[in-house]
Amino acid sequence: MSKVKTPAKTPQAIRGTQDIFGPDAEAFAFVVETFERVRKLYRFRRVEMPVFEKTEVFARSLGETTDVVSKEMYSFDDRGGESLTLRPEFTAGIARAFLTNGWKQHAPLKVATHGPLFRYERPQKGRYRQFHQLDAEVIGAGEPQADVELLAMADQLLHELSIADGVTLQLNTLGDGTSREAWRAALVEHFASVRDDLSEDSQERLEKNPLRILDSKDRRDQAHVASAPKIDDFLSGEAQDFFGAVTSGLDAAGVVWTRNDALVRGLDYYRHTAFEFVTDRLGAQGTVLGGGRYDGLMESLGGPATPAVGWAAGIERLAMLCEGRGAESLEIAIAAESNDRNADAAALTNLFRREGFCVELFASGSPRKRYDKARKAEPAIMISLDMRDGEATHGLSVLNEGYARAKKAQEIFDNRK
RNA sequence: GCGAUCGUAGCUCAGUUGGUUAGAGCGCCGGUUUGUGGUACCGGAGGUCGCGGGUUCAAACCCCGUCGAUCGCCCCA
């Protein structure tokens, strides 16, 4: 009919997802590649995990009342009516795999992975609904040396990313199960006695997650936080020894840290060591890597008591600190300044690539502008092929004096048939 | 989930107290210069002003809603 076709609207990307491209994508890849290299130095084995799990995997391990479980999970029923959830974190799924696959035979097991995670949150810079993390876990190791090795790896990663000087390691201990419960009870008592002075948020936290009051940013809470009972007064002898072994191990490894006795973890399964690498360069999303010991987690999934430590790091946040890193510079630009030389230029491009050079071919668009386009790509070496008065001409010029492989490139160019 | 700011070309942004056909720079495409040269000049394509309503003779501009981004809170890596 004469009815004008209704142009199909292009669907929008989902809120909180990102299409990463250009320098951001290069920085992202740089973070992942650096992690892969460092993780091998520490002999952490690579694992690949499903992106979704039965909902109970997360509900049981993270704690039903945590915000992550109660309002931030992407859960849905599959066609069989089973409740599944897009993973909001790595640890629970890895713990499940450890139990269901009998990985106990490999204990102590050091594993590393990375990939997308999903949380239904209000997006912000450095906070997305689909975001990406690096993850490292040591499962079946109850010794403080495991904590030290894991932290040393995190520290080395940040150094190799060249962002360590803007980031500080904050360290705390939550004690063993009984110390933690005693401390928690004392905190509840302390804050309940001044309940009406607390911020609304903290009054709510008093019910749901009293430890979290300690890192409240609200001024009204500060004084009461300062006078709150300290974990150190509730630590058992073993818990003290454990923390002491971790800190002296870090000192011996040359890992710089500061004690923050108000540092707690949001998830219920943590015990003993808790830590965060924090920067002030990312606004409210300052935690760049965080983790701790989760000795209670395996039991919550119905497995045997199994000690474990782990950390996760936000790739986007790390990548933002590595801005401009990771882009490979162009070694050779080849311009075909006449269409008659397109085939020669393509052959030459192939030749150099097979010799392991990073090459870009400029043989499209206006022949007169190809040279300029090639120059703008900022190659170390510029090669131009042209046709003058019926004669094939060619030229190679080294634009970057410091370029190490110039001689080899020249040889290949001179010896081409 | 709460509060605030913002949304104009591929990108960065102008656009007066509402007033003809919405602009610039960069980028892209083409042409001319130059002819071992990242030059200069000319031209071109590209916008339902995020989307939907409302007020008005008239809306990019004012009002409401909605979607999205950013910054805090919350949460967390």
Figure out the NZ/P separation between K208(A) and G1(B), and round it to whole Å. 15 Å
Main-chain N/O of G177(A) paired with R180(A) side-chain donor or acceptor, under 3.5 Å: no
Just wondering, more than 12 heavy atoms not from K54(A) lying within 6.0 Å of its NZ? no
May I ask you to say what D386(A) touches in the nucleic acid, namely base, sugar-phosphate or nothing, with a heavy-atom cut-off under 4.0 Å? base
Go ahead and name the base partner of G23(B); Watson-Crick or wobble counts if both distances stay under 3.5 Å, otherwise write none. C13(B)
Distance between P atoms of A77(B) and G7(B) (Å, rounded): 35 Å
Provide the distance between the two P atoms, one in C41(B) and one in U34(B), to the nearest whole Å. 15 Å
Rounded to the Å, how far apart are L399(A) CG and G37(B) P? 11 Å
Using the C1' atoms only, state how far U48(B) lies from U5(B), rounded to an integer number of Å. 26 Å
Within the pair K125(A) and A69(B), is there a side-chain N or O less than 4.0 Å away from OP1 or OP2? no
To the nearest angstrom, the CD-P distance between E204(A) and C2(B) comes to 14 Å
Separation of C76(B) atom P from D215(A) atom CG, nearest Å, is 8 Å
I want to check one thing: is the phosphate of A77(B), taken as OP1 and OP2, less than 4.0 Å away from some side-chain N or O of R265(A)? yes
Please pick, from C75(B), G27(B), C73(B), the nucleotide with the shortest atom-to-atom distance to any side-chain atom of E72(A). C75(B)
Using the side-chain heavy atoms of K217(A), tell me which of these nucleotides is nearest: C73(B), C75(B), G38(B). C73(B)
Pairwise C1' distance for C64(B) and C26(B), with rounding to whole Å: 37 Å
Quick test of your reading of the model: are E200(A) and R220(A) salt-bridged, counting only N-O distances below 4.0 Å? yes
Using the salt bridge (Lys or Arg N to Asp or Glu O under 4.0 Å) rule, take D67(A) and K208(A) through it: C-alpha gap first, then chi angles, then the decisive distance, then the call. CA-CA 10 Å; D67(A) 278 18; K208(A) 287 169 51 186; 3.2 Å; yes
At 4.0 Å (heavy atoms only), tell me whether G395(A) reaches a base, stays on the sugar-phosphate, or touches nothing. nothing
In Watson-Crick or G-U wobble terms, both distances under 3.5 Å, what is the partner of C51(B)? G65(B)
Would you verify whether the NZ or CZ of R416(A) falls within 45 degrees of the ring axis of F413(A) while also being under 6.0 Å from that six-membered ring's centre? yes
For L151(A) and L171(A), run side chain to side chain contact (heavy atoms under 4.5 Å, CB included): C-alpha distance rounded to whole Å, both residues' side-chain angles, the deciding distance at 0.1 Å, then the answer. CA-CA 10 Å; L151(A) 279 163; L171(A) 190 66; 4.2 Å; yes
Hey, mind stepping through E276(A) and R265(A) against salt bridge (Lys or Arg N to Asp or Glu O under 4.0 Å) and telling me if it holds? CA-CA 9 Å; E276(A) 281 181 13; R265(A) 304 268 72 214; 2.5 Å; yes
Side chain of R122(A) - closest among C75(B), C2(B), G31(B): C2(B)
Of the nucleotides C76(B), C74(B), U70(B), which one has an atom closest to the side chain of R119(A)? C76(B)
Suppose we define a pair by two distances each less than 3.5 Å, Watson-Crick or G-U wobble; what does U36(B) pair with here? none
Scan every strand shown for a Watson-Crick or G-U wobble partner of A58(B), both distances under 3.5 Å, and answer none if you come up empty. none
Quick check on G35(B): is either OP1 or OP2 less than 4.0 Å from any side-chain nitrogen or oxygen of R368(A)? no
Between T34(A) and E160(A): side-chain donor-acceptor atoms closer than 3.5 Å: no
Solution key, residues 181-191 of chain A side-chain donor-acceptor pairs under 3.5 Å, sequence neighbours excluded:
{"residue": "W183(A)", "atom": "NE1", "partner": "P229(A)", "partner atom": "O", "Å": "3.1"}
{"residue": "H190(A)", "atom": "NE2", "partner": "H224(A)", "partner atom": "O", "Å": "2.8"}

P123(A) side chain: which of G31(B), G38(B), U70(B) is closest? U70(B)
What is the pairing partner of G44(B), taking Watson-Crick or G-U wobble pairs with both distances under 3.5 Å in any strand? C28(B)
Among A69(B), C74(B), A77(B), which is the nearest nucleotide to the side chain of D67(A)? C74(B)
Pairwise P distance for A58(B) and U21(B), with rounding to whole Å: 14 Å
Below the 4.0 Å mark, does C76(B) have OP1 or OP2 next to a side-chain nitrogen or oxygen of R127(A)? no
Side chain of Y120(A) only, please: which of G1(B), A77(B), U34(B) is the nearest? G1(B)
Whole-Å distance, E121(A) CD to C75(B) P, equals 11 Å
So what does G291(A) touch, heavy atoms closer than 4.0 Å: a base, only the sugar-phosphate, or nothing? nothing
Answer with base, sugar-phosphate or nothing: what part of the nucleic acid does R370(A) contact at a heavy-atom distance below 4.0 Å? nothing
Using a strict cut-off of less than 4.0 Å between a Lys/Arg side-chain nitrogen and an Asp/Glu carboxylate oxygen, indicate whether E331(A) and R353(A) qualify as a salt bridge. no
Expressed in whole Å, how much space separates the P atoms belonging to G19(B) and C62(B)? 11 Å
Taking the minimum atom-to-atom distance to the side chain of Y128(A), which one of G27(B), U70(B), C76(B) wins? U70(B)
Heavy-atom nearest nucleotide on RNA chain B taken for S216(A) and for E316(A); more 5' hit belongs to S216(A)
Using the P atoms only, state how far C11(B) lies from C28(B), rounded to an integer number of Å. 15 Å
Please state how far atom NZ in K376(A) lies from atom P in G37(B), giving the value in whole angstrom units. 17 Å
The answer to which of E89(A) and T17(A) contacts RNA chain B further toward the 5' end, by nearest nucleotide, is T17(A)
Please determine, for the side chain of D201(A), which listed nucleotide (A77(B), U39(B), C73(B)) has the closest atom? C73(B)
F58(A) CZ to C76(B) P: how many Å, rounded? 16 Å
So what does F131(A) touch, heavy atoms closer than 4.0 Å: a base, only the sugar-phosphate, or nothing? base
Under a 4.0 Å threshold between the charged nitrogen and the carboxylate oxygen, would R259(A) count as salt-bridged to D232(A)? yes
Can you check whether Q124(A) has a side-chain N or O nearer than 4.0 Å to OP1 or OP2 of A69(B)? no
Give G310(A) one of three labels, base, sugar-phosphate or nothing, depending on what nucleic acid heavy atoms sit under 4.0 Å from its own. nothing
Pairs: protein N or O with nucleotides 41-47 of chain B N or O, under 3.5 Å:
none

Rounded P spacing from G3(B) to U20(B) in Å: 38 Å
Can a side chain N or O of T393(A) be found less than 4.0 Å away from OP1 or OP2 on U36(B)? no
Under 3.5 Å side-chain donor-acceptor pair for D414(A) and Q410(A): yes
Which of the following nucleotides, G30(B), C74(B), G37(B), is nearest to the side chain of S384(A)? G37(B)
Does G72(B) have a Watson-Crick or wobble partner in any strand here, with both distances under 3.5 angstrom, and which is it? C2(B)
Just how far, in rounded Å, is P of G37(B) from CD of E337(A)? 12 Å
